[in-house]
S.K.: 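Handing you a structure now.
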Amino acid sequence: MRTLTNKLPEHIGKNVTIEGWLHKKRLLGGLTFINLRDRSGLAQILIKDKDEVEKLRGLQIGTVLRIKGSVTKDERAPGGVEVHDPELEVIVPVTDEPPIEIDKPLNHKPDNLDTLFEYRVIGLRNVLETNIFKVQAGIKEAARQYFKAEGFTEFNSPKLLPEATEGGSEVFKLDYFGKEATLAQSAQFYKQIMVGVFERAYEINPTYRAELSATTRHMTEFIHIDAEIGFVDFDGLLDVVDGLLHGIIEDVSKNYENELKSLRAEPVKLASKIPRISLEEVHELYTKETGTKTLGEKDLRPDEERFISEYSKEKFDSEAIFIVDWPASEMKFYHKKSEKNPEFAERADLIFRGVEIATISMREHRYKELLDQLKTIAKGDPEADGFKYYLQAFKYGLPPHGGFGMGLERLTQKIVGLNNVKEATLFPRDINRLTP
RNA sequence: GGGCUCGUAGUGAAGUGGUCUAUCACGCCUCCCUGUCACGGAGGAGAUCGCCGGUUCAAAUCCGGUCGGGCCCGCCA
């Protein structure tokens with residue numbers, strides 16, 4: 001029976017079998033220490049028998065081993081226990097040395113990211129790299145838990161679509177048995193459709209954007225936490241996003257404390273209620289502070305996103321802040337105008353640690369108004385394949401609703417404290433990387 | 001797509017006209033080492049300095065082109 005390395009303290013004085021990867025060798029002459037890595041962590045094994053040491057000659061980090069030995073308490077060992085008098089069995093010998101080191105922190109300098117990703121397959125075995133993605137798994141776990149508690153049902157929408165719909169960003173086109181198809185640039189229509197089914201629905205799925213963006217925060221494929229809520233108003237919608245972020249931060253900080261510590265992640269500061277500030281207020285503050293005039297601009301500059309984050313951290317003790325009151329003139333056709341102030345759309349961006357991690361909006365749920373906005377704003381044909389099924393949902397009754405899309409990798413990046421969103425992606429896809 | 005910038009052993013770096021027959025660290029190989037945990041010590045292998053062309057008595061170093069990266073902006077999650 002196999003024992004996991006993190007359970008060794010429960011087996012002191014007993015013989016166990018452990019299995020895993022050779023992580024480190026230290027030969028001290030009459031004494032040899034090796035570290036074995038399995039899914040639960042690392043174990044130290046002390047080898048004195050020269051014949052056992054000899055079994056590892058010529059074998060590299062990554063060699064798969066089965067080790068039988070006795071668990072011994074020793075204060076000098078990391079974790080206080082180690083395996084003595086081992087008998088080694090080489091399950092998979094590895095003779096080629098790894099191209100990058102996996103027992104020391106990997107280089108994350110921007111200039112060297114290409115190497116990091118070129119050897120991603122084995123680099124991910126590095127304990128620190130692994131920890132980034134354990135945290136990411138924890139984020140998804142925490143999100144699901146929050147959604148479940150709030151009465152949401154998880155679904156998956158198709159990523160192969162007939163044509164571009166949402167507009168704005170470029171889409172990937174592909175051959176679909178002789179017809180042209182596209183990869184989903186958003187789950188927008190499907191999550192709205194699902195409001196008619198589940199009322200509260202969410203999915204955690206990939207999104208594809210064929211944009212020639214070359215920044216530290218863009219990829220051509222990324223994971224969206226997409227949610228849509230029926231019978232909600234704008235305030236209530238922001239409360240849900242607020243609750244989700246709090247839920248994620250609280251769960252992950254608690255359940256992944258060791259991983260975050262190993263990555264030297266700064267604990268996240270969140271106000272109990274995430275502050276809300278209007279776009280124009282941000283422009284005013286930024287203009288006053290920097291002398292760069294952004295008053296009246298219809299979007300936030302990246303530098304303003306960083307600025308308002310710092311401002312919010314100092315002024316409100318919150319590293320997340322909602323930006324509200326976006327001009328209706330820039331809204332998408334499915335967005336809803338504010339009834340009180342029709343010059344604004346009911347939309348918000350959530351800025352966290354200097355980047356936009358979510359866009360939130362109320363949707364136009366009234367069939368006639370939506371048809372009108374589709375024609376005037378998107379210049380869309382209601383009979384086109386990309387729109388007609390979507391519109392059915394409204395024709396046959398959708399309540400007032402709204403939703404949001406949150407970028408999983410951006411969120412992971414910022415929680416962990418990485419410079420580039422790609423570092424928070426297992427196998428990143430960008431304008432010039434399609435492998436591994 | 002626009003602007004800026006970088007390319008030297010497997011990995012990370014130093015070297016910006018001649019002393020470069022290219023330096024250092026990690027990794028790798030051989031040997032020594034009984035408490036390592038970034039183990040230590042001695043020795044060794046490993047690089048047509050991204051590629052092509054040019055300037056020069058002389059190019060890793062200067063110039064042009066090319067290929068491959070990175071950062072910022074636009075766009076967004």
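Naming convention: chains lettered A, B, ... in sequence-line order (proteins, then strands); numbering from 1 in each chain. Only heavy atoms go into these numbers, but all of them, side chains included; no hydrogens, no water, no symmetry mates.
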S.K.: Judged by modelled atom types alone, do A:Thr412 and A:Lys414 share a side-chain donor-acceptor pair under 3.5 Å?
M.R.: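 There is no such pair (donor and acceptor under 3.5 Å, judged by atom type) between the side chains of A:Thr412 and A:Lys414.
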S.K.: With sugar-phosphate meaning primed atoms plus P, OP1 and OP2, does A:Arg347 contact a base, only sugar-phosphate, or nothing at under 4.0 Å between heavy atoms?
M.R.: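 Contact class for A:Arg347: none.
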S.K.: Output yes when A:Glu87 and A:Lys55 qualify as a salt bridge under the 4.0 Å nitrogen-oxygen rule, no when they do not.
M.R.: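 Not counted as a salt bridge, because no side-chain N and carboxylate O are separated by less than 4.0 Å.
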S.K.: Answer yes or no: does a side-chain N or O of A:Thr216 lie under 4.0 Å from OP1 or OP2 of B:rC72?
M.R.: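 Yes, because at least one side-chain N or O of A:Thr216 sits under 4.0 Å from OP1 or OP2 of B:rC72.
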S.K.: Just the rounded figure in Å: distance from P of B:rC76 to CD of A:Gln185.
M.R.: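 Checked: the CD to P distance equals 11 Å.
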S.K.: By nearest nucleotide on RNA chain B, pick out whichever of A:Asp114 and A:Arg301 is the more 5' one.
M.R.: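 Of the two residues, A:Asp114 wins.
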S.K.: In whole Å, measure the gap between the P atoms of B:rG12 and B:rC20 for me.
M.R.: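 So the two P atoms sit 26 Å from each other.
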S.K.: Look at the side chain of A:Ser40 and the backbone N and O of A:Asn6, then say whether any donor-acceptor pair between them is shorter than 3.5 Å.
M.R.: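 At least one qualifying donor-acceptor pair exists.
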S.K.: To the nearest angstrom, how far is A:Glu423 atom CD from B:rG70 atom P?
M.R.: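 Those two atoms, CD and P, are 11 Å apart.
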S.K.: Quick one: pull up CD in A:Glu19 and CG in A:Leu4 and give me the separation to the nearest 0.5 Å.
M.R.: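 Reported to 0.5 Å precision, the distance equals 9.5 Å.
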S.K.: Base, sugar-phosphate, or nothing for A:His218, non-hydrogen atoms under 4.0 angstrom?
M.R.: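 Base contact - A:His218 has a heavy atom under 4.0 Å of at least one base atom.
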S.K.: Which letters describe nucleotides 30-43 of chain B, given B = protein heavy atom under 4.0 Å from base, S = only from sugar-phosphate, - = neither?
M.R.: SS-BBBBB-B----
S.K.: We want to know whether A:Glu141 and A:Gln145 form a side-chain donor-acceptor pair, criterion being a heavy-atom distance below 3.5 angstrom.
M.R.: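 Judged by distance alone, the side chains do not pair up.
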S.K.: In whole Å, what separates the P atom of B:rG70 from that of B:rC76?
M.R.: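 Here B:rG70 and B:rC76 have their P atoms 23 Å from each other.
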S.K.: For the pair A:Tyr390 and A:Phe189, name the ring-plane relationship: parallel under 30°, tilted 30 to 60°, perpendicular over 60°.
M.R.: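 Parallel, since the angle between the ring planes stays under 30°.
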S.K.: Out of curiosity, A:Glu280 CD to A:Thr294 OG1, how far, rounded to the nearest 0.5 Å?
M.R.: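 With rounding to 0.5 Å, CD (A:Glu280) is 7.5 Å from OG1 (A:Thr294).
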S.K.: Could you go through nucleotides 47-51 of chain B and list every protein N or O atom that sits under 3.5 Å from one of its N or O atoms, giving the distance for each pair?
M.R.:
none

S.K.: Using purine N1 to pyrimidine N3 plus N6-O4 or O6-N4 for Watson-Crick, or N1-O2 and O6-N3 for G-U wobble, both under 3.5 Å, which nucleotide pairs with B:rG64?
M.R.: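 B:rG64 is paired with B:rC52.
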S.K.: How close or far is atom P of B:rC76 from atom CD of A:Gln188, stated in whole angstroms?
M.R.: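 Rounding to the nearest Å, CD of A:Gln188 and P of B:rC76 are 14 Å apart.
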S.K.: Any salt bridge linking A:Arg120 with A:Glu129? Criterion: basic side-chain nitrogen under 4.0 Å from a carboxylate oxygen.
M.R.: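 Looking at A:Glu129 together with A:Arg120, the answer is yes, because their closest N to O distance falls below 4.0 Å.
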S.K.: How far apart are the C-alpha atoms of A:Glu319 and A:Arg353, what are their side-chain angles, what is the distance that settles it, and do they pass the salt bridge (charged side-chain N to carboxylate O under 4.0 Å, His left out) test?
M.R.: CA-CA 6 Å; A:Glu319 294 183 278; A:Arg353 291 189 163 174; 3.0 Å; yes
S.K.: Is there a side-chain polar atom (N or O) of A:Asn107 under 4.0 Å from OP1 or OP2 of B:rG12?
M.R.: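 It does not, given that no N or O in the side chain of A:Asn107 lies less than 4.0 Å from OP1 or OP2 of B:rG12.
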S.K.: Once the angle between the rings of A:Tyr311 and A:Phe316 is folded into 0 to 90°, is it parallel (under 30°), tilted (30 to 60°) or perpendicular (over 60°)?
M.R.: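 Perpendicular.
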S.K.: Go through B:rG27, B:rG74, B:rA77 for me and flag the one nearest to the A:Thr215 side chain.
M.R.: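 Between B:rG27, B:rG74, B:rA77, the one nearest the side chain of A:Thr215 would be B:rG74.
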S.K.: With a 3.5 Å distance limit and no angle check, can you tell me whether A:Glu330 reaches the backbone of A:Pro327 through a side-chain donor-acceptor pair?
M.R.: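 Such a contact is absent between A:Glu330 side chain and A:Pro327 backbone.
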S.K.: Quiz question: going by heavy-atom distance under 3.5 Å, is there a donor-acceptor pair between the base of B:rC76 and the side chain of A:Ser213?
M.R.: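 When only heavy-atom distances are counted, A:Ser213 does not reach the base of B:rC76 through any donor-acceptor pair under 3.5 Å.
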S.K.: With rounding to the closest Å, how many angstrom separate the P atoms on B:rU21 and B:rG64?
M.R.: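 Roughly 26 Å separates the two P atoms.
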S.K.: Take the protein atom CD of A:Glu211 and the nucleotide atom C1' of B:rC73, then report the distance between them rounded to whole Å.
M.R.: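 Result: 14 Å.
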S.K.: Can you tell me how far C1' in B:rU16 sits from the matching atom in B:rC49, rounded to whole Å?
M.R.: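 Taking atom C1' in both B:rU16 and B:rC49, they lie 13 Å apart.
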S.K.: Look at the side chain of A:Arg410 against the base of B:rC76 and say whether a donor-acceptor pair falls under 3.5 Å; ignore hydrogens and angles.
M.R.: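 Looking at the base of B:rC76, it does pair with a donor or acceptor on the side chain of A:Arg410 (distance under 3.5 Å).
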S.K.: Just checking, any donor-acceptor pair under 3.5 angstrom between side chains of A:Glu297 and A:His283?
M.R.: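 Result is no, nothing qualifies.
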S.K.: With a 3.5 angstrom cut-off on both distances, give the Watson-Crick or G-U wobble partner of B:rC33, or none if there isn't one.
M.R.: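 Pairing partner: none.
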S.K.: Roughly, in whole Å, what's the span from CD1 in A:Ile122 to P in B:rG10?
M.R.: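 Spelled out: CD1 on A:Ile122 to P on B:rG10 is 15 Å.
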S.K.: How far, in whole Å, is B:rC52 from B:rA13 if one measures between their C1' atoms?
M.R.: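 Per the computed distance, 27 Å lies between those C1' atoms.
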S.K.: Heavy atoms only, 4.0 Å cut-off, all strands: where does A:Glu305 land among base, sugar-phosphate and nothing?
M.R.: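 The answer is base, as A:Glu305 lies within the cut-off (heavy atoms under 4.0 Å) of a base atom.
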S.K.: Between A:Asp235 and A:Arg276 (salt bridge meaning N to carboxylate O under 4.0 Å), is one present in this structure?
M.R.: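 Salt bridge present between A:Asp235 and A:Arg276.
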S.K.: Taking atom C1' in both B:rG65 and B:rU55, what distance in whole Å separates the two?
M.R.: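 So the two C1' atoms sit 15 Å from each other.
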S.K.: Verify the contact: side-chain N or O of A:Asn432 to OP1 or OP2 of B:rG68, cut-off strictly under 4.0 Å; return yes or no.
M.R.: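 No, because none of the side-chain N or O atoms of A:Asn432 sits under 4.0 Å from OP1 or OP2 of B:rG68.
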S.K.: Whom does B:rC28 pair with, Watson-Crick or G-U wobble, provided both distances fall under 3.5 Å?
M.R.: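 Partner of B:rC28: B:rG44.
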S.K.: Which one is paired to B:rC71, where only Watson-Crick or G-U wobble pairs with both distances under 3.5 angstrom count?
M.R.: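 Here B:rC71 is engaged in a pair, and the nucleotide opposite it is B:rG3.
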S.K.: Applying the side chain to side chain donor-acceptor pair (under 3.5 Å) test to A:His218, which of A:Thr215, A:Thr216, A:Thr220 qualifies?
M.R.: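 Single side chain to side chain donor-acceptor pair (under 3.5 Å) partner of A:His218 among A:Thr215, A:Thr216, A:Thr220: A:Thr215.
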S.K.: Can you see if the side chain of A:Thr115 gets near the phosphate of B:rG12 - specifically, an N or O under 4.0 Å from OP1 or OP2?
M.R.: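 A:Thr115 to B:rG12 OP1/OP2: side-chain N or O found under 4.0 Å.
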S.K.: Write down the protein N/O and nucleotide N/O pairs, taken from nucleotides 4-6 of chain B, whose separation is under 3.5 Å; answer none if there are no such pairs.
M.R.:
none

S.K.: Measure the distance from CG on A:Leu106 to C1' on B:rA25 and round it to the nearest whole Å.
M.R.: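 So the two atoms are 16 Å apart, to the nearest Å.
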S.K.: Would you mind reading off the distance between A:Asn420 atom CG and B:rC72 atom C1', rounded to a whole angstrom?
M.R.: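 These atoms are roughly 13 Å apart.
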S.K.: Suppose you measure atom C1' in B:rG15 against the same atom in B:rA9; what distance do you get, rounded to whole Å?
M.R.: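 That atom pair is separated by 15 Å.
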S.K.: Side-chain N or O of A:Gln60 less than 4.0 angstrom from OP1 or OP2 on B:rC29?
M.R.: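 Yes, A:Gln60 has a side-chain N/O under 4.0 Å of OP1/OP2 on B:rC29.
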S.K.: Would you measure the distance from the P atom in B:rG43 across to the matching atom in B:rU8 and give it in whole Å?
M.R.: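 Taking atom P in both B:rG43 and B:rU8, they lie 29 Å apart.
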S.K.: Does A:Asn419 put a side-chain nitrogen or oxygen below 4.0 Å from OP1 or OP2 of B:rC71?
M.R.: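 For B:rC71, neither OP1 nor OP2 has a side-chain N or O of A:Asn419 closer than 4.0 Å.
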S.K.: Whole angstroms only, please: what is the NE2-P distance between A:His23 and B:rG27?
M.R.: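 Spelled out: NE2 on A:His23 to P on B:rG27 is 13 Å.
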S.K.: Kindly compute the distance separating OG1 (A:Thr435) from CZ (A:Phe117), expressed to the nearest 0.5 Å.
M.R.: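 With rounding to 0.5 Å, OG1 (A:Thr435) is 11.5 Å from CZ (A:Phe117).
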